[in-house]
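Presented below is the structure to which this report refers.
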Amino acid sequence: MSVNTSAEAVRLLQEALTYARSAQQVIGDLIVEHDYQDVAALVTAAATSLLQSAASLMQSEDEAAVDALGDADDLLDAVWEIIDSETDETDED
């Protein structure tokens, strides 16, 4: 039986961050460009920022957590701009 502690949560969040950063690198270095590669890269970057924010919160680093949340928010805004522009183009056709 494992004991749930904040240290364990931080460890798991750091592990998730490692995987998210690896995925982000792979998405950026695809051999063949994918239609949604730009959006996937932004979503993955936002996920990385959210994971970093959660890890910071678990370590009582509130300023770092808020900064990471702001970064995620900016990245998700960029995602929605791309989606909205694609939707607007489709609606006009």
Side-chain angles (χ1 to χ4, degrees):
M1 178 168 105
S2 66
V3 177
N4 292 331
T5 64
S6 59
E8 179 65 6
V10 170
R11 185 190 71 73
L12 291 169
L13 288 165
Q14 292 297 336
E15 188 176 320
L17 262 167
T18 298
Y19 285 114
R21 287 180 179 138
S22 294
Q24 191 174 10
Q25 186 171 356
V26 169
I27 290 168
D29 294 334
L30 293 176
I31 294 171
V32 176
E33 190 172 312
H34 189 278
D35 289 343
Y36 301 107
Q37 183 174 354
D38 56 344
V39 176
L42 288 169
V43 170
T44 306
T48 300
S49 291
L50 289 171
L51 289 166
Q52 184 59 58
S53 179
S56 294
L57 287 169
M58 292 305 300
Q59 296 173 82
S60 298
E61 297 172 354
D62 55 332
E63 286 185 38
V66 170
D67 288 346
L69 278 174
D71 292 344
D73 188 44
D74 292 344
L75 291 161
L76 290 173
D77 284 345
V79 167
W80 286 114
E81 285 177 25
I82 292 170
I83 291 170
D84 288 344
S85 72
E86 293 291 324
T87 303
D88 289 343
E89 286 178 18
T90 304
D91 289 345
E92 293 174 7
D93 290 338

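- Minimum heavy-atom separation, Ala78 to Leu42: CB-CD1, 4.0 Å.
- The structure places CG of Leu76 at 6.5 Å from CG of Leu50, a figure rounded to the nearest 0.5 Å.
- The CG atom of Leu12 sits 10.5 Å away from atom CE of Met58, with the distance rounded to the nearest 0.5 Å.
- Residue Tyr36 holds its OH atom at 12.0 Å from CD1 of Ile82, rounded to the nearest 0.5 Å.
- Legend: residues meeting salt bridge (charged side-chain N to carboxylate O under 4.0 Å, His left out) with Arg11, ordered by chain and number and at least two apart, are Glu8, Glu15.
- Here the straight-line distance linking atom CD of Gln25 with atom OG1 of Thr44 works out to 12.5 Å at 0.5 Å rounding.
- For the side chain to side chain donor-acceptor pair (under 3.5 Å) condition, no pair includes a residue of residues 62-83, sequence neighbours left out.
- Without hydrogens or angle criteria, Ser53 side chain to Ser49 main chain gives no donor-acceptor distance under 3.5 Å.
- Val66 and Leu51 fall into different hydrophobic clusters, where Ile, Leu, Val, Met, Phe, Trp and Tyr side chains are chained together by heavy-atom contacts under 4.5 Å.
- Residues Ile27 and Gln37 come closest through the heavy atom pair O-NE2, 2.6 Å.
- Taken to the nearest 0.5 Å, the CG atom of Leu57 stands 12.0 Å off from the OG atom of Ser6.
- When all heavy atoms of Ala45 and Gln24 are compared, the closest pair comes out as CB-NE2, 3.2 Å.
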